[in-house]
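Step one of this worksheet: look at the structure below.
Every chain is numbered from 1, with letters handed out A, B, ... down the list of sequences.
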Number of protein chains: 2
Amino acid sequence: MPSSGKRSGSYNVATRGRLLDAAELLFAESGIDSVTLKEIAQKSGGNVGQIVYHFGQKEELVREVILRRAGVISADRIQLLDSYERLVGKGNVALEPVVRAFLDPYFERLESNDPGWRCYALFIGRNVWDRRLAPVIAEGFNPTAKRFIATIRTAVPALTEADSARAFQFLLSGLYGSTTNDTRFDSLVEETDDSGSADYNRYQQVLIPYVVGGIRAIGEMREAGA
Amino acid sequence: MPSSGKRSGSYNVATRGRLLDAAELLFAESGIDSVTLKEIAQKSGGNVGQIVYHFGQKEELVREVILRRAGVISADRIQLLDSYERLVGKGNVALEPVVRAFLDPYFERLESNDPGWRCYALFIGRNVWDRRLAPVIAEGFNPTAKRFIATIRTAVPALTEADSARAFQFLLSGLYGSTTNDTRFDSLVEETDDSGSADYNRYQQVLIPYVVGGIRAIGEMREAGA
DNA sequence: GTCTATACGGCGATAGAC
DNA sequence: GTCTATCGCCGTATAGAC
């Protein structure tokens with residue numbers, strides 16, 4: 001990487017981006033392992049050698065697919081939380097705005113024009129708990145996660161630190177369960193007038209009260225002395 | 001399949017079981033695709049040919065690993081729900097016992113002597129939303145799921161059918177989030193005195209109030225007119 | 001009926017020609 | 001910076017031993 005950054009070559013950056021886009025799409029459709037490097041190359045209009053050149057091995061390609069958008073979404077979340085804490089004071093946070101600061105940016109991106117975000121959500125949701133991805137997931141998301149775990153506890157002081165971490169894990173599970181699965185939901189609901197496959201908005205509407213109510217209930221249990 | 005069932009051969013059933021056990025363990029450790037047939041065969045004390053003979057292809061082996069225990073856990077859940085409904089009357093069910101009827105059998109098996117159940121839970125939790133597994137998962141779990149979705153709605157009548165289905169999906173997500181992830185939880189909690197890696201009981205204690213409180217909150221939102 | 005031995009096409013990864 | 005040749009290993013299929 002000599003002088004001009006993006007320019008030398010102009011190919012470099014563009015090719016990387018196209019390869020990442022293609023990989024993201026195909027990983028979302030079929031999972032990491034079912035997708036071959038050849039398919040990714042074809043989808044991007046390139047060839048296998050380019051992937052090897054730019055990413056070395058498949059694992060690194062996966063890594064960059066994850067981290068590329070993880071940074072963006074994490075910045076959104078932190079920015080919202082910062083703004084809110086500055087307005088109400090760090091010790092005066094309420095639970096629902098904190099939960100919204102975490103969830104809203106995700107749903108907002110899902111409804112944006114860039115369809116890559118929807119692929120990303122499918123891919124991430126289906127692979128969050130994959131052992132092999134744990135280091136990358138942690139690298140991309142743990143700093144923000146720790147911040148939110150601490151803030152949830154400030155909002156609901158009756159929680160222990162472990163309670164708050166588990167509550168956050170439930171929050172994550174609910175989010176990924178909402179954004180990952182179309183087909184199974186459709187097969188569980190008879191009436192079809194409500195199940196517009198990718199209608200994330202409907203999930204968001206029930207997920208937020210669910211999470212807030214759930215976390216409050218844990219706090220109430222602790223206050224009752226359990 | 002002629003006369004004697006299990007006997008001709010005694011080998012047949014035992015080999016099948018060993019292969020399924022080995023596959024279950026390895027799938028839980030490393031995921032379906034990372035595990036090779038050779039590894040499964042070695043772990044079971046056999047060879048690749050046995051797998052091909054008994055299951056034809058890897059996909060069918062996966063299928064039988066899933067369905068073997070799905071039937072057992074589903075029967076537990078239905079039996080508990082039936083008993084409860086008979087005692088209080090079908091129209092008088094309360095939310096928490098219904099949630100418990102679904103969650104308790106799972107946690108109970110997790111704490112049983114058979115470590116296969118813990119492998120199964122890790123495997124299922126990491127792969128519930130896998131597209132390729134959707135048909136098998138539906139085959140094994142949907143009948144019970146539909147029953148619980150309907151019963152949750154009886155317990156909280158303010159829910160729409162779609163609400164109840166989404167609530168059930170959150171319930172599932174929370175369960176699988178609890179039983180799937182050791183490492184990430186550990187990396188999010190500083191103090192180590194509470195995080196005895198596989199302490200499912202602690203998850204169960206907070207998951208039940210969380211789910212019940214969350215579903216109630218959705219119902220209250222609907223009653224408030226949203 | 002149960003299992004072993006062997007062969008085949010396709011994968012990810014590597015090295016090196018252009 | 002791009003592409004081809006090659007390697008070892010994978011899942012699968014099959015033919016035949018017991």
Exercise. Using only side-chain N and O atoms of Thr15(B), determine if any of them is under 4.0 Å from OP1 or OP2 of dC3(C).
Key: yes

Quiz item: Between Arg132(B) and Ser34(A), does any side-chain donor sit less than 3.5 Å from a side-chain acceptor?
Solution: yes

Quiz prompt | Qualifying residues under side-chain hydrogen bond (donor to acceptor under 3.5 Å, both in side chains), relative to Ser83(A), sequence neighbours excluded | solution = Gln79(A)

Exercise. Could you pull out all residues at least two apart from Phe148(A) that satisfy ring pair (Phe, Tyr, Trp, His ring centres under 6.0 Å)?
Key: Phe102(A)

Self-check item: Residues forming a side-chain hydrogen bond (donor to acceptor under 3.5 Å, both in side chains) with Gln205(B), sequence neighbours excluded
Solution: none

Quiz prompt | Under the side-chain contact (heavy atoms from CB on, under 4.5 Å) test, residues paired with Glu39(A) that sit two or more places apart | solution = Leu26(A), Val35(A), Thr36(A)

Exercise. Specify the separation, in whole Å, of atom CD1 of Ile51(B) and atom P of dA5(C).
Key: 15 Å

Quiz item: What are the residues of residues 20-34 of chain B, sorted by number, that bring a heavy atom to within less than 4.0 Å of DNA chain C?
Solution: none

Quiz item: Parallel, tilted or perpendicular for Trp129(A) and Tyr176(A), by the 30°/60° rule?
Solution: perpendicular

Practice problem: Please name all residues satisfying side-chain contact (heavy atoms from CB on, under 4.5 Å) with Gln42(B), sequence neighbours left out, ordered by chain then number. | Solution: Lys38(B)

Quiz item: Please give, in whole Å, the distance from dC10(D) P to Leu61(B) CG?
Solution: 16 Å

Quiz item: In terms of side-chain heavy atoms of Tyr53(A), which of dC11(C), dG1(D), dC3(C) is nearest?
Solution: dG1(D)

Distances under 3.5 Å between protein N/O atoms and the N/O atoms of nucleotides 13-18 of chain C, please, pair by pair.
from: dA13(C); atom 1: OP2; to: Lys58(A); atom 2: N; distance (Å): 3.1

Quiz item: Any side-chain N or O of Lys38(B) less than 4.0 Å from the OP1 or OP2 oxygen of dC9(D)?
Solution: no

Quiz item: Roughly how many Å is it from CZ in Phe55(A) to P in dG1(D), rounded to a whole number?
Solution: 14 Å

Quiz item: Can you name the side-chain contact (heavy atoms from CB on, under 4.5 Å) partners of Arg63(A), sequence neighbours left out?
Solution: Glu60(A), Leu67(A), Val136(A), Glu139(A)

Quiz item: With sequence neighbours excluded, what pairs up with Arg68(B) under the salt bridge (charged side-chain N to carboxylate O under 4.0 Å, His left out) test?
Solution: Asp21(B), Glu24(B)

Exercise. Can you tell me the distance, in whole Å, between the NE2 atom of His54(A) and the P atom of dG1(D)?
Key: 8 Å

Self-check item: Separation of atom CG in Leu19(A) from atom C1' in dG12(C), rounded to whole Å
Solution: 16 Å

